[in-house]
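In what follows, a structure is listed as structure tokens, so that the remarks can point back to it.
The basis for the numbers below is simple: all heavy atoms, side chains too, and nothing from hydrogens, waters or symmetry mates. By convention in this document, chain letters (A, B, ...) are assigned in the order of the sequence lines, proteins followed by strands, and residues within each chain are numbered from 1.
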There are 2 protein chains.
Amino acid sequence: MESKPNIQDVARLADVSIATVSRVINNQGGVRKATEERILKAIKELGYIRSAAARTMKRKETKTIGVIVPDIKNPFFPLVMAGIEQKAREKDYFTILSSTNESPIIEEKIVKNFIERGVDGVIITTANEDGEHLKLLREQNIPVVAVDRSIRSFEVDTVLVDNIQGSYQAVQHLILQGHRKIAIICGPQNTTPGFERFLGYKKALEDYNIPLDDRYVVQGDFGEYSGNIATKQLSELEERPTAIFSSNNLMTIGCMKALNELNWGLGYEVSFVGFDDVDIATFLNPKLTVVARPMNTVGEIAFMFLHDRINFKDDIPKRKYSIPPELIIRHSCRLINR
Amino acid sequence: MESKPNIQDVARLADVSIATVSRVINNQGGVRKATEERILKAIKELGYIRSAAARTMKRKETKTIGVIVPDIKNPFFPLVMAGIEQKAREKDYFTILSSTNESPIIEEKIVKNFIERGVDGVIITTANEDGEHLKLLREQNIPVVAVDRSIRSFEVDTVLVDNIQGSYQAVQHLILQGHRKIAIICGPQNTTPGFERFLGYKKALEDYNIPLDDRYVVQGDFGEYSGNIATKQLSELEERPTAIFSSNNLMTIGCMKALNELNWGLGYEVSFVGFDDVDIATFLNPKLTVVARPMNTVGEIAFMFLHDRINFKDDIPKRKYSIPPELIIRHSCRLINR
DNA sequence: ATGAAAGCGCTAACAA
DNA sequence: TTGTTAGCGCTTTCAT
């Protein structure tokens with residue numbers, strides 16, 4: 001095992017030229033059976049593995065895509081990643097993953113490193129939607145797909161989850177169960193998800209001719225505590241809502257704690273739907289109905305977009321895909337009589 | 001933006017030789033200030049990024065380490081990964097991650113691909129502790145660090161979490177609070193973690209002269225349902241335990257559900273410690289005391305081992321590191337009077 | 001301080 | 001069916 005064997009060593013051992021060896025390791029055919037076997041044997045004997053670096057230099061492609069996420073510890077991303085990897089493997093692509101810790105500085109370094117490595121494309125949830133720091137990708141003409149967050153400074157294929165439709169579905173579900181006094185615990189209205197999820201709520205009420213009641217719209221900040229407070233606020237209304245829609249997972253948790261503290265009966269006294277599934281959802285009794293984002297699908301579509309872009313470059317127009325979230329009906333909503 | 005600029009293009013534009021450009025981009029010094037600036041300007045102007053592939057061919061190193069995990073969706077691994085990445089970045093290494101879905105077949109492919117790419121080392125939680133499918137790494141003399149699961153077929157540096165000590169700590173905590181009737185919900189005894197966690201339980205009892213009572217040892221399979229059943233089994237004892245130790249996270253959840261169903265008062269009627277932290281731990285009332293594994297530290301140490309191994313190859317003996325888990329004391333254990 | 005030139009291991013065009 | 005050979009873009013030694 002002196003030093004790594006190369007194609008020369010194999011050729012020598014099999015007593016052929018390197019070109020023939022190359023043909024064999026690339027399955028290009030046109031090699032006599034006997035020769036091929038001799039080569040295969042030599043490869044095995046030497047433990048030869050071809051160098052991707054050398055190959056890349058000729059081929060100008062690496063069959064590798066880079067994935068950049070802001071926080072690998074957030075369970076959303078590993079799930080998306082799983083979807084990407086699965087599709088990538090089907091198409092014989094490999095995936096390299098880096099996490100930026102929400103830092104655009106680190107993100108830029110990663111991008112540069114990915115380019116050095118010659119990734120064929122990049123899937124990114126950027127730490128900064130401005131995207132100024134991503135210009136390198138544009139300049140190098142490297143295909144990019146944005147996931148969950150868009151990029152403003154240049155056009156790329158984008159895969160988002162449809163917030164409006166998601167909260168619409170949630171609220172509609174409540175309405176169809178007979179609820180009219182439906183409260184929403186909002187996220188910050190200056191963020192896209194916060195605002196859009198409120199929009200979906202509003203739209204559902206409008207479509208079913210239910211007037212928007214300001215008392216039932218309480219503000220939160222996507223944090224657990226705010227969900228807790230908001231719920232208590234709702235409980236103090238003389239006319240309590242019969243249903244609550246929470247705009248995100250953390251506030252859902254705060255809300256559950258409040259319901260518990262207040263002895264406000266989940267499911268029978270007040271129905272509930274939350275945006276985003278949470279671990280505790282099936283642990284609670286009754287189990288929580290939620291709007292879940294299909295992370296796996298997000299990843300799959302992201303890869304498919306990227307794959308198309310790698311193969312067709314600028315021949316196809318940039319695409320945007322809004323994935324409808326999925327309403328997972330469990331047991332936290334009850335039919336009520338009006 | 002015709003095609004990617006190379007070192008030639010830069011040299012031409014800056015009117016120097018490629019050797020000088022190389023010196024600049026590698027900070028090797030010995031270049032006149034003025035020349036350097038001209039080169040830097042040219043680099044910027046062209047948007048030049050050097051090819052890692054070409055560089056690797058000469059240098060025989062990639063400053064890249066490969067990480068292989070069995071299931072990226074299991075939150076344990078992203079947390080370990082975060083620790084690895086952090087340390088790696090400090091040392092100017094990059095990290096590429098792949099998930100095997102617990103399949104040794106896929107694992108072998110990934111290993112091969114990593115070798116093709118010339119990773120300087122590999123950190124792996126293997127899908128099959130036999131490790132026969134990992135021989136390639138040994139043959140190519142590529143440094144390997146095993147994490148959380150050992151590799152039997154050849155010797156590598158290993159980072160494990162000390163299961164015995166972890167459960168010992170948990171049970172000791174219970175004993176020190178005055179408990180003597182301490183039950184354990186075991187994991188499968190034919191798995192290392194399952195067996196070792198039982199060993200720690202046994203050892204703690206021995207050390208404090210508490211006889212092992214078979215009625216308090218119930219078998220589970222690391223699944224939620226088995227934790228549920230086991231707890232119910234314990235509740236039927238004429239002399240109920242005053243404390244329960246659960247050997248893993250899922251069984252903890254099952255146990256909690258059972259406690260709830262049985263109206264068996266967590267904290268005051270029965271104390272509880274679980275192995276591994278769970279999301280619901282702080283959501284419950286009282287909050288759960290658990291033995292938590294310091295994933296981040298696991299990752300950090302794994303990288304440090306690998307880094308040493310990359311630099312010193314076989315000059316240092318193989319190391320094994322058992323990280324003590326951490327007892328996180330919350331409120332699910334109460335002092336009792338004997 | 002700078003340049004010329006020899007590879008690194010591979011693929012692919014061309015020849016035989 | 002097989003072989004010869006010219007690069008791919010870079011680093012590095014040896015001259016200058």
Does anything in residues 111-122 of chain A come within less than 4.0 Å of DNA chain D? Heavy atoms only, and list the residues if so.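 Residues of residues 111-122 of chain A under 4.0 Å from DNA chain D: none.
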Assert: residue with more 5' nearest nucleotide on DNA chain C, out of Lys58(B) and Arg38(B), is Arg38(B)
Of all nucleotides in DNA chain D with an atom under 4.0 Å from a non-hydrogen atom of chain B, which is the first and which the last going 5' to 3'?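 Contacts span dG9(D) to dT13(D), reading 5' to 3'.
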Neighbour count above 12 (heavy atom, 6.0 Å) for Ile105(A) CD1: no
Arg59(B): what forms a salt bridge (charged side-chain N to carboxylate O under 4.0 Å, His left out) with it, not counting sequence neighbours?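 By the salt bridge (charged side-chain N to carboxylate O under 4.0 Å, His left out) rule, Arg59(B) matches Glu61(B).
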Measure the CD1-OG1 distance between Ile151(A) and Thr158(A) for me, rounded to the nearest 0.5 Å.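 It comes to 7.0 Å.
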Atom OG of Ser103(B) and atom NE2 of His133(B): how far apart are they, to the nearest 0.5 Å? 8.5 Å
Check ring-ring contact (aromatic ring centres under 6.0 Å, His included) between Tyr93(B) and all other residues, then give those that pass, not counting sequence neighbours. Phe303(B), His307(B)
What residues, two or more places apart in sequence or in another chain, satisfy side chain to side chain contact (heavy atoms under 4.5 Å, CB included) together with [X]?
X         : result
Thr192(B) : Glu196(B)
Val161(B) : Arg293(B), Val298(B), Pro325(B)
Ala127(A) : Thr100(A), Glu102(A), Pro104(A), Glu107(A)

How bent is the helix from dA1(C)-dT16(D) to dA16(C)-dT1(D), comparing axes over its five end pairs at each side, to the nearest 10°?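 One end axis against the other gives 40°.
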May I ask you to test the Phe94(B)-Ile96(B) pair for a side-chain heavy-atom distance under 4.5 Å?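 In short, these two side chains do not touch, never coming nearer than 4.5 Å.
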Do Asp157(A) and Leu306(A) have side chains that get closer than 4.5 Å, going by heavy atoms? no
I need the residues from residues 15-34 of chain B with at least one non-hydrogen atom less than 4.0 Å from DNA chain C; give them sorted by number, or say none.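 The answer is Val16(B), Ser17(B), Ala19(B), Thr20(B), Arg23(B), Gly30(B), Val31(B), Arg32(B).
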What's Thr56(A) touching, base or sugar-phosphate or nothing? Going by heavy atoms closer than 4.0 Å.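 Nothing, no heavy atom under 4.0 Å.
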Tell me, which pairs form a side-chain hydrogen bond (donor to acceptor under 3.5 Å, both in side chains) where one or both residues lie in residues 27-49 of chain A, sequence neighbours left out? none
Show me, pair by pair, the donor-acceptor contacts under 3.5 angstrom made by side chains of residues 69-84 of chain B, not counting sequence neighbours?
from: Asp71(B); atom 1: OD1; to: Lys73(B); atom 2: N; distance (Å): 2.9
from: Asn74(B); atom 1: OD1; to: Phe76(B); atom 2: N; distance (Å): 2.9

Span of DNA chain C engaged by chain B, first through last nucleotide within the 4.0 Å heavy-atom cut-off, is dA1(C) to dG9(C)
